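Structure, as structure tokens:
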Amino acid sequence: MRLSVSIQTEDFDVSHELAHLRSNDARVGAVCSFVGTVRERNEGSDVSSMELEHYPGMTEKSITAMMEEAAKRFDIHGARVIHRIGLLQPQDQIVLVAVTSAHRGMSFQACEFLMDYLKTQAPFWKKEVTPEGARWVDARVSDDKALARWG
Amino acid sequence: MKVTVRYFASIREAIGHGSEVIEADVKTVEALLDLLLTRGAKYQEALSTERAVRMALNQSVCDGAALLEDNCEVAFFPPVTGG
């Protein structure tokens, strides 16, 4: 099982990551990926930039645990998570979750499961800069609801 | 009992620093939190019950009843907003 996580300030190349995740694995018939990007507006304000903070050590540990849980629940062959930290601008890529499996169903489900977990369990915090000043982003109730459906 | 305490995001900013080492005779994360709340206005503002404070022991999410051990690491932080 290929499971790997990277926390980095640098951008990532999705094509490269997907090619690597399924390389030399002929069992794979489906690759599903999600990319999260910085929106120019949030909660009614223009966002000029965003700073991402995390808890080094716990971040990697919690995401690895999420990927191991996904591998137990879904018949997948690999998963890759990249999350950026530091200063980001609108349109920048923030997060990649990619999953491989034999058929599409398992990849789609595992990808969504991982994103729902990541949004609510991985220790990252966003602070956005708006014309009204810098502010910490509030957690969303809808994210907790999205997580709850997985049981 | 020696505990490394770490703070993140809005809680770190309210307290004014990201980590500190505390030596105290406390057994649980909740008892540690109660002790920190006696340390003045900054701590009260950062860690009061009106804020949603999440906690972790040795880098795993825990609740207040979690038992401390010598040289452990406890973290306090707001609900996460990554992704």
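Letters A, B, ... are given to chains in the order of the sequence lines, protein chains preceding strands, and every chain is numbered from 1. Values in this document were obtained by computation on a predicted structure and should not be read as measured data.
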Under 4.5 Å from any heavy atom of chain B - which part of A/Ser62: neither

Engaged part of A/Glu51 at the chain B interface, taking heavy atoms whose separation is under 4.5 Å: neither

Chain A contact via B/Arg54 - side chain, backbone, both or neither, heavy atoms under 4.5 Å: neither

Hydrophobic cluster membership, A/Val31 vs A/Leu3, 4.5 Å side-chain cutoff: no

Plane angle bin for B/Phe8 and A/Trp125 - parallel if under 30°, tilted between 30 and 60°, otherwise perpendicular: parallel

CH2 on A/Trp136 to CZ on B/Arg12, rounded to 0.5 Å: 5.0 Å

B/Glu13 versus A/Lys127, closest heavy-atom pair with distance: OE2-NZ, 2.5 Å

Under 4.5 Å from any heavy atom of chain A - which part of B/Ala56: side chain

Under 3.5 Å donor-acceptor, A/Lys119 side chain and B/Thr81 backbone: no

Connected via hydrophobic side-chain network under 4.5 Å: A/Leu96 and A/Ile85: no

Neighbour count >12 (heavy atoms, 6.0 Å) for atom CZ, A/Phe12: yes

Exceeds 12 heavy-atom contacts within 6.0 angstrom, atom CD of A/Glu132: yes

Hydrophobic cluster membership, A/Met66 vs B/Val61, 4.5 Å side-chain cutoff: no

Single-linkage hydrophobic cluster, 4.5 Å side-chain cutoff, A/Val129 and A/Leu52 together: no

Hphob cluster co-occupancy, A/Val81 + A/Val38, side-chain heavy atoms under 4.5 angstrom: yes

Heavy-atom proximity to chain B below 4.5 Å, by part of A/Asp143: neither

Side-chain donor or acceptor of A/Lys126 paired with backbone N/O of B/Gly83 under 3.5 Å: yes

